[in-house]
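To find a chain, count down the sequence lines: A is the first, B the second, and so on, and within it residues start at 1. For clarity, every value in this text was computed on a predicted model and none was experimentally measured.
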Amino acid sequence: MTADKEKRRAISREAARKRRRVESEVFEDLSRLLPLQQSVRDHLDKPSVIRLTLSYIRMHTLLTGKTASKSQASHKVKCGQTTEGQLVRHELNGGRGEEEEKVTDDADASEEINMYLRILEGFLMVLSSEGDMIYLSGNVSKYMGLTQAELMGHNIFEFSHPCDHEEIRNNLRVTAEEVWSGEKRDFVMRIKSALTHRGRSPNLKSATWKVLHCQGRAKVCVAPSSVSCLLLTCQPLPLSHTLLSKHTFTSQHSMDMRFTYCDQRMTLLLGYSTEELLGRSIYDLCHTLDTNCLTKNHFNLCIKSQSVSGRYRMLVRGGGYVWVESHSAVIPSVRSSKSRSGANQPLCILCVTYVLSGVEEPSLQLSLDQTIHRYPS
Amino acid sequence: MSARNAAAGGGDRVGGELADVLVEDKQSDSVSLPSPMTPASAAGMSLSMEMPRKRKGSVDNQDTKSASMDMDIEDLEERHNGSDGEDQHVKMKCFREPHSQIEKRRRDKMNNLIDKLSAMIPTCNPMSRKLDKLTVLRMAVQHLKSLKGSASSFSEANYKPSFLPNEDLKHLILKAADGFLFVVGCDRGKIVFVSESVTKILNYSRAELIGQSLFDYIHPKDMGKVKEQLSASELYPRERLIDAKTGLQVQADLPVGAARLCTGARRSFFCRMKINKICVKVEEKEFQASTSKKKESQKYCTVHCTGYMRSWPTSQLGAEGEGDADKQDSSHFSCLVAVGRVHSHSTAQVNGEVRVKPTEFITRYAMDGKFTFVDQRATTILGYLPQELLGTSCYEYFHQDDLPHLADRHRKVLRSKEKIETNCYKFKTKSGSFVTLQSQWFSFVNPWTKEVEYLVSTNTVISYDNSRTCRSGSKSEQSSNSKTSEDGKKSLPVIPGISTTTGAMIYAGSIGTQIANELLDSNRMNSSPSSGSVSPFSLSQDKCPHNQISNNVPNGEATDMEIAGKSSSEEDAQGATFSGAESLMGENPQMDLDSVVGPGLGSLSSDEAAMAVIMSLLETDTNLGDAVDFEEMHWSL
C-alpha cells in the first residue's frame, strides 16, 4: 500500500470514528431518556435503543390518544394520573390520608401491578398491527426467559411458531366494524421460551416452545393518527392444575378424543359411569351446536399441544346438559414400567373440565345416550 | 466507504466495502467501547438468527442465514485473534457472499428502525425529504424530552421505573383482561373492593357493589361453589392436584385449615354473576322495575375468577376489618383477591334461548342415518320428542318421493368434506302430516382419526303442514327432485344403489344402513386394491343408477335394525307408505338380517345377474302397502 493510500485510509478512519462517537453520544442521550434501570441501560445495543424508543412513543400515543370505542368516558388516561388509581389505593389502605399516599404513590401502584400480574399468571403484550411487540410487561422474563428490554420492539413473528403465524395475522387484523366495538381476541399460540427447568438458559439454541393463551381486545385510536393494536394478556397454559372445586373433573383421552379414563367426579356431575365412557368419543357427548367449538379445541390440541375450549355443552346422562369449559393438554401417556424418553411415546390428552352451570333442562333427552330406558344394558 | 455504524457491542454491524477496513473497525470497536458483544445484543442477534434452526419446517434460507451468522461471529473472532489456518480461509471463502448479505440486512434493519422512528416523531413528519440518521436521532431525543414533561427524571439511582407509568399499566391490564379486580372477605363474602371496570362488565357501579355481599350477585346455583372457594371449613375436600407427568390425581395431604387460608393459596373457579340490565343513566322507575327480581329475566354472565387468598392484619385496615366474624383468626382479615374475567365466548346466558333461527333445528345421525341427537327445537316443529326419534332411521320419516334424492345426498355427504345441501323434502311429523324441510348436511370427521363420526344436519323449515300424503297423488311443489333422479319409474321409488330386496323393499331403515355399509365397504375395498371382487362403490359408479351393493351387513347392525323395527312399529303409522313396511318388520321381529337383506346378493359375481334379481323384486312388489310374502323371497347362498 502506498503512503498516499494509507494517509487517506487514516483520514477516513478518523472521520468514521468521529461520526461514530457523535452517534454514540446521541444514542446515550436517547437511552437516558428511557424509563429503564441503569443496569439495563448499560447493556443496550443501538437497535435496541431505537426499538425501546419506538415503544415508548407508541405507548404514549396509545394511552393518550382518543379511542373510537363507544364507552369513552372512562378510558381516557393521562400519563401518570388517574383518579381511579387513587381510589384503589384509598380502599386498600384502609383510608389513609391522601397526602400520605402521594409519597408512596408509585410504590403502591407498583405493588398493585404486581398483584394483578400475579393473579393473572401471565404478562401483558401490546401488539401493533404489523405484529411488533410494542410493549411487554416486566414479568415477561418469567415466562419467556428474555427480558422486557430484550424483547420489546421486536416482532412477534420472530418468536412465534411458524404454523401459528397465520392465526396471529388473522387476529391482528381489525375490521371496520371492530373499530367501534372493541373486538375481543382469544387464541392460543406457541412462543419461544428460553427457560429451562433450571431457569433461564443462556444458550438460546435450546429454546423450547411454550404455549400461551392470549386473551384481550383490539384497541383503536383514531386521533391524532389512526393506530390499532392488540392488548393481550398472555398466560402459559398450566400443565398442572390445582383443583379446588367439586365442580371440576379430569379425563383422559386418546388422541381422537375417545375416553380412556375419567374420574369419579364425572359420574357425580354428569351421570355416566366410567365403563360407559371408555372408548366413547367426546363428540358423542356434546351438544351438536358446539361441535365447532370442540373441533377447534381438538385441532389446537393436536397442533399446539395445549388448548382451552370455549364454553360448550355436555349432555347429562339422564337428560339435559351442563355448560362446561375444558383446559386440555397433550401429554405422554405413562406406562409405569417404561422409561420416559423417546419420541415414539404414545400420547394422550388430558382434560380438566370445569362445570359452569347446573343441569339445564333436565328432562330433555337430546341424544341416544340419554334415552336410558330404550336399550336395556 | 467505511462502516457507517458499528453498533455498540456489535449488535448490528454494518459492513464496509473493504474487508480489511471492516476488520479494523470492528477490532477497534470491540476494544474501545465498554460493552462488547453483550448478552443482550448477543441475544438480540442470535434470537433472530439462531432460533430458526429449532423450528420444524423453517424456511431454508433462514437456516442458511443462521448458519452463516454463527460462522460470522466465529469468523470474526478468528480474524481478531489473528489466526490464519486453512480452515478459516475456507470459511472466509465460503461465507463471503452471505456475509455481505448479512451486513446488508443489518443495515437495512437499522434503516428500517430509523424510518419507523422518524414516522413516529411529529417533527420529522412534515419533512419532505428523508432525514439522515443522526438528525432523526436528535429529534427523537427532543421528542422524548417533550413527552416526559414534568415527570421525574429517569436517571435517579434509586428509581425503579417500570416502562409504563403504573397507572397506565394497570389500566391496560384491566382492559386487556376484560376483567375487574375484586376483594371479598372470606367470611360473609363482603365485597371490600372492586375496580371500576366492573361497570363495563356487570353494569353495576362500584358504589352499588362495595359493601354488599358477593352472594347477592351470584347465580343461586353457584353459591355453594363460591362458598366452597371462600371457605376454610374443614369439611371440604382436600386439594386435588393433577400431576402433569402422569395425568393422575394426587391427593395433597395438607393440613386443611391452615393451608387453605395461607397467603398465596390460589383459587380458580367459574361462577355466574348477575348482570344489571339497566343503564346507569336511565330514570328511576326503570331502576325500580328491575330491582323486583324476576329470575327468568335475570341475566348472568359466566365469570372466570382467579386469584389468591390473602390475609390482612386488621390493624392496618381500620374500618374494613371484620374482627367479629372471623372464625380463624381474629386479628386477621382473610379475603380473596381475585380478578374476574369474562371470556370472549361467553355472552350473557339466557336460558333456553338459542341464537339460531326458530324454524331451524339440528340433528345428528349416525352414519346409517339413525338419529343420535335431536335438538329440542325439533319438538315444536315435528311434534316428536327427541326420545321418540332417537335410534330411529331418518329414512322412516322422509317422504318416499324424496328418498332417492336424499339417499343420494347421504351417500355423497359420507364421502365429501363439504356441506351438502339437500333440496326441499318432506318430513313426516307426529301427526302424520308433512313439513317441508331443507337441510344442510355435513359429515363430522374426527380431527385425529379423520374418520366420519357422524353426520350433522341443520334443518330449516320451508313450510309447514303440507298436503296430506298419499303416495301416488302427492305432488307437492317441492318434490320435483324425485322426477329427475329416476327413469320413469315414479310409482316405485327406485333408489339408486339400494338393493330393494325382499320385505326390505324400500325398508326405510335399510336404506341408511346400506348406504353406510357402502362406505365401509368401499373403504375396505380401497384399502385392499388387489381385491378383484366387485367394488361397486368407487366414486365413479355413483352416478350409475342401478348399482349393485354388497350386503355384508355386520352383525352389529342387526340389532339396530331390529330395534328400529320395533320402535317404528310403536309409532303412529298413518298414511305414509313406509309405515306399511315398518309394521311388517314389527310383525316379524324374528326375521334375521340375512333373509331380510338378502345375503346372496353380495356373493353374486356378475352385476347383471344381481341386477336381474333386483328388477324382479321390484316388479313383484307393486303395492307397497300390502303385505309381502316373505316366504317367497327366500334367498340362499
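- Of all non-hydrogen atoms in His143(B) and Ile57(A), the two that sit nearest each other are CD2-CD1, 3.8 Å.
- Both the backbone and the side chain of Leu30(A) come within contact range of chain B, each with at least one heavy atom under 4.5 Å from a heavy atom of that chain.
- In this structure the side chain of Thr53(A) reaches within 4.5 angstrom of the side chain of Leu117(B), judged on heavy atoms.
- Contact annotation for Val456(B): only side-chain heavy atoms (C-beta onward) come within less than 4.5 Å of a heavy atom of chain A.
- Between Met110(B) and Ile50(A), some side-chain heavy-atom pair lies under the 4.5 Å cut-off.
- Under a 3.5 Å cut-off, the side chain of Asp256(A) and the backbone N or O of Trp448(B) do not form any donor-acceptor pair.
- Neither the backbone nor the side chain of Asn155(A) comes within contact range of chain B, judged by heavy atoms closer than 4.5 Å.
- Neither the backbone nor the side chain of Ser254(A) comes within contact range of chain B; no heavy atoms are under 4.5 Å apart.
- Between Arg138(B) and Asp29(A), none of the side-chain N atoms (NZ, or NE/NH1/NH2) sits under 4.0 Å from a carboxylate O, so this pair counts as no salt bridge.
- Of the possible polar contacts, none joining the Arg311(A) side chain to the Thr302(B) backbone as a donor-acceptor pair under 3.5 Å is found.
- Counting heavy atoms from C-beta outward, Asn446(B) and His298(A) have side chains that approach closer than 4.5 Å.
- Under the 30°/60° scheme for interplanar angles, the aromatic rings of His304(B) and Tyr354(A) are found to be tilted.
- Considering all non-hydrogen atoms of both residues, Lys225(B) and Leu356(A) come closest at NZ-O, 3.9 Å.
- Among Ile114(B), Thr449(B), Leu137(B), the residue making the largest number of heavy-atom pairs under 4.5 Å with chain A is Leu137(B).
- Using a 4.0 Å cut-off between charged nitrogen and carboxylate oxygen, Glu453(B) and Arg258(A) count as a salt-bridge pair.
- Across all non-hydrogen atoms, the minimal contact from Phe270(B) to Glu325(A) is CZ-OE2, 3.3 Å.
- Within the 4.5 angstrom heavy-atom criterion, no atom of Met125(A) approaches chain B.
- Residues Val445(B) and Thr295(A) form no side-chain contact, since every pair of their non-hydrogen atoms from C-beta on lies 4.5 Å or further apart.
- Side-chain contact annotation: Thr233(A) with Arg341(B), donor-acceptor N/O pair under 3.5 Å present.
- To the nearest 0.5 Å, the span separating CG on Leu144(B) from CZ on Arg32(A) amounts to 12.5 Å.
- Considering only heavy atoms from C-beta on, Tyr454(B) comes within 4.5 Å of Thr291(A) through its side chain.
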Assess whether side-chain contact (heavy atoms from CB on, under 4.5 Å) is satisfied between Asp284(A) and Phe373(B), documenting all intermediate values.
CA-CA 9 Å; Asp284(A) 282 343; Phe373(B) 177 94; over 6 Å; no
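- Both the backbone and the side chain of Lys116(B) come within less than 4.5 Å of a heavy atom of chain A.
- Side chains of Leu134(B) and Glu23(A) form a contact here, defined as non-hydrogen atoms less than 4.5 Å apart.
- Within the 4.5 angstrom heavy-atom criterion, no atom of Val49(A) approaches chain B.
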